Amino acid sequence: MNGPRDWTMEVFLGRYRNITVLVLVLFAQLLMLAWQVRGKQDVRLIRVWAVTVITPIAKVVETVRSHTVGFAQEYFVLLRAAEENRRLKDELGKLKLQNQFLRSELEMADRVRALAAFQARSPSKTIAARIIAAGAGVNSKLVYIDRGATSGILRGMAVITPDGIVGRVLAVYPIASQVLLVTDPTFAAGVISQKHRVQGTLKGQGHSTCIVDYVQNEEKVEVGEMFYTAGTDRVFPKGLPAGIVKVVRPGRTFKEIIVSPAGFQQGLEEVLVVIEGVHQQIPDASQPSASGIYILPPPPGEAPQAAPAPGSQFQGTDADKLKERYRAIGAAQGHRFGEGGAPDFTVSPAPRPPAESKPPGAAKPPSP
Amino acid sequence: MTEFSDEIMVQRTRKDRSARYQPVVMSAVCLAAILFQVYVPLLFQYLSFLELPLLVTVYFALMKRNQIAGLTIGFVVGLLQDSLSHHPLGLFGIVKTLVGYFAASVSMRFDVENPVMRAILAFFFFLFHQAFFWLLTSALLEQRAALDLGRLSVFAALNAAVALPLFAVLDKMKGTA
């Protein structure tokens, strides 16, 4: 009985095995679906398994992704930062250059203003010039200025700045001139010290300092003392600052005096060429310099004691003081020098009445 | 029969043409496809049109050339996909079981190594998958979602376009079998 039926079943399953499996699988799922929908229940176990399998992998992937993305983002941020850094550096460089240019322009404007102020104050007639080139030699202390024969420059003229002497014109060309600086070994100028009126010759050494030669060992020169031009060289007018003493030591015959040139203190870009020099008095060492120190005017009703009377020029040396005293004694006794006889020098001259006007330069601050 | 149809409808035996894959590789690929489906759209919303589990099911069913193997792959992948969705279990399972079965049936008649045939099959099975899924949700769950055929066709074309390189990559894994 069962034989043919089993054979039929085997044939059926063998022939329709695939479709049978399909139907069974679909039927099982439909049942599961219907059970869930009808009973509003869930096959939680399958979901738990699926989530348990998937979520750890997702977590790992997310961790890797976040780190990778974070790294990539930081990399690109760094790239952008590097790019921005380069741009800012370029900008900073440009601004620095611009700042430097503006500073130099400002400094030049200050120098030109100081030069103009000095030019207006100085009794000598000067012409402003700009240094445009240096000498070709390695050790040469020559410069070229942009003024020449067409500007009235002549060979041998003094070249100065408001701070002091710079050199002298060595050669003149139509639109330029060659200036020998005070630091050149072949340069020489007559100078006199401010405090002890010691005369000497300023000479260049080929570097930044100069020496004052031909000063006897017995002469007194102090460190920090200023040397002024003596006017004896017929190049520089008397009374221009030449240099400040840095080192003084006794030598074999003459003192070894090393001075720092005064004219180079603010750099050397604009200079003045003395067209017509006027000799000036060397300022007294006991008096503060007119430049750089402000002195109040005397209180009302009090006459300045130390200031010289207007019209009378202060004589720096003892001989000058003695000569002034004798002139005062003669004037007090009505004596005229050169007409024979002599006044009584034992009588002290009458004290000079106090000055009525304020000393020049004391009432206002010195110009820069 | 044309020359093209002769080429496509090859006469080799099914055993010769059946590809072998290591179970680990198949499992990893299926898991990766499901992972892609649940994870990547979080980051890239525009990639949500990709139905990688379906493409993987179609590929393995085509390459196995065995209807039972095809429907089993579809059943497992579909059930996993169901487990990670808010639908009742079985919706994706039923659809993908059918897809696996039909893909394996087709593979016994056509040369599924041909890229054109692969693209056509991917396009067709995507449409079938979406339509049958819509039918099930409408019939069993009474969810009246609109079936936008134009949009579905575009997505089917995009999935077919993705299927070509994806199948080529998966072909490389046959060598590990």
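As the structure is a prediction and not an experimental result, all values here were calculated from the model. Order of the sequence lines fixes the chain letters, A, B, ..., with proteins taken first and strands second; residue numbering starts at 1 for each chain.
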Query raised in the report: When only pairs under 4.5 Å are counted, which of B:Asp82, B:Leu84, B:Leu91 shares the most heavy-atom pairs with chain A?
Result: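 Counting heavy-atom pairs under 4.5 Å, the top option is B:Leu84.
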Requested in this report: Pick whichever of B:Ile34, B:Leu35, B:Leu31 has the most heavy-atom pairs under 4.5 Å with chain A.
Outcome: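 Highest number of heavy-atom pairs under 4.5 Å: B:Leu35.
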Requested in this report: Sort by residue number and list every member of residues 49-61 of chain B having a non-hydrogen atom under 4.5 Å from chain A.
Outcome: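 Within residues 49-61 of chain B, no residue comes under 4.5 Å of chain A, counting heavy atoms only.
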Query raised in the report: Where is the tightest heavy-atom contact between B:Ile94 and A:Gln29, given as atom of each residue plus distance?
Result: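 So the two residues come closest at N-OE1, 3.2 Å.
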Report task. Please report the closest heavy-atom contact between B:Leu89 and A:Leu33, naming both atoms and the distance. Result ->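 It is O-CD1, 3.1 Å.
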Query raised in the report: Is atom CD of A:Glu105 surrounded by more than 12 heavy atoms (other residues, nucleotides or ligands) closer than 6.0 Å?
Result: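 It does: A:Glu105 CD has more than 12 such atoms within range.
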**Report entry** Contact leader toward chain B among A:Val48, A:Ile57, A:Val53, A:Val51, where contacts are heavy-atom pairs under 4.5 Å
**Finding:**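 Of the candidates given, the most pairs with chain B belong to A:Ile57.
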Report task. Output the residues of residues 59-81 of chain A for which the shortest heavy-atom distance to chain B is under 4.5 Å, in residue-number order; output 'none' if no such residue exists. Result ->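 The list, in residue order, reads A:Val61, A:Glu62, A:Arg65.
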Query raised in the report: For the side-chain contact (heavy atoms from CB on, under 4.5 Å) test, which of A:Leu22, A:Ile19, A:Leu26 pairs with B:Leu71?
Result: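 Going through A:Leu22, A:Ile19, A:Leu26 one by one, the side-chain contact (heavy atoms from CB on, under 4.5 Å) with B:Leu71 is satisfied by A:Leu22 alone.
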Query raised in the report: What distance separates A:Asn18 CG from B:Ile68 CD1, expressed to the nearest 0.5 Å?
Result: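 Here the rounded value is 4.5 Å.
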Query raised in the report: Going through the distances and angles, do A:Val21 and B:Thr72 end up as a side-chain contact (heavy atoms from CB on, under 4.5 Å)?
Result: CA-CA 9 Å; A:Val21 173; B:Thr72 306; 5.8 Å; no
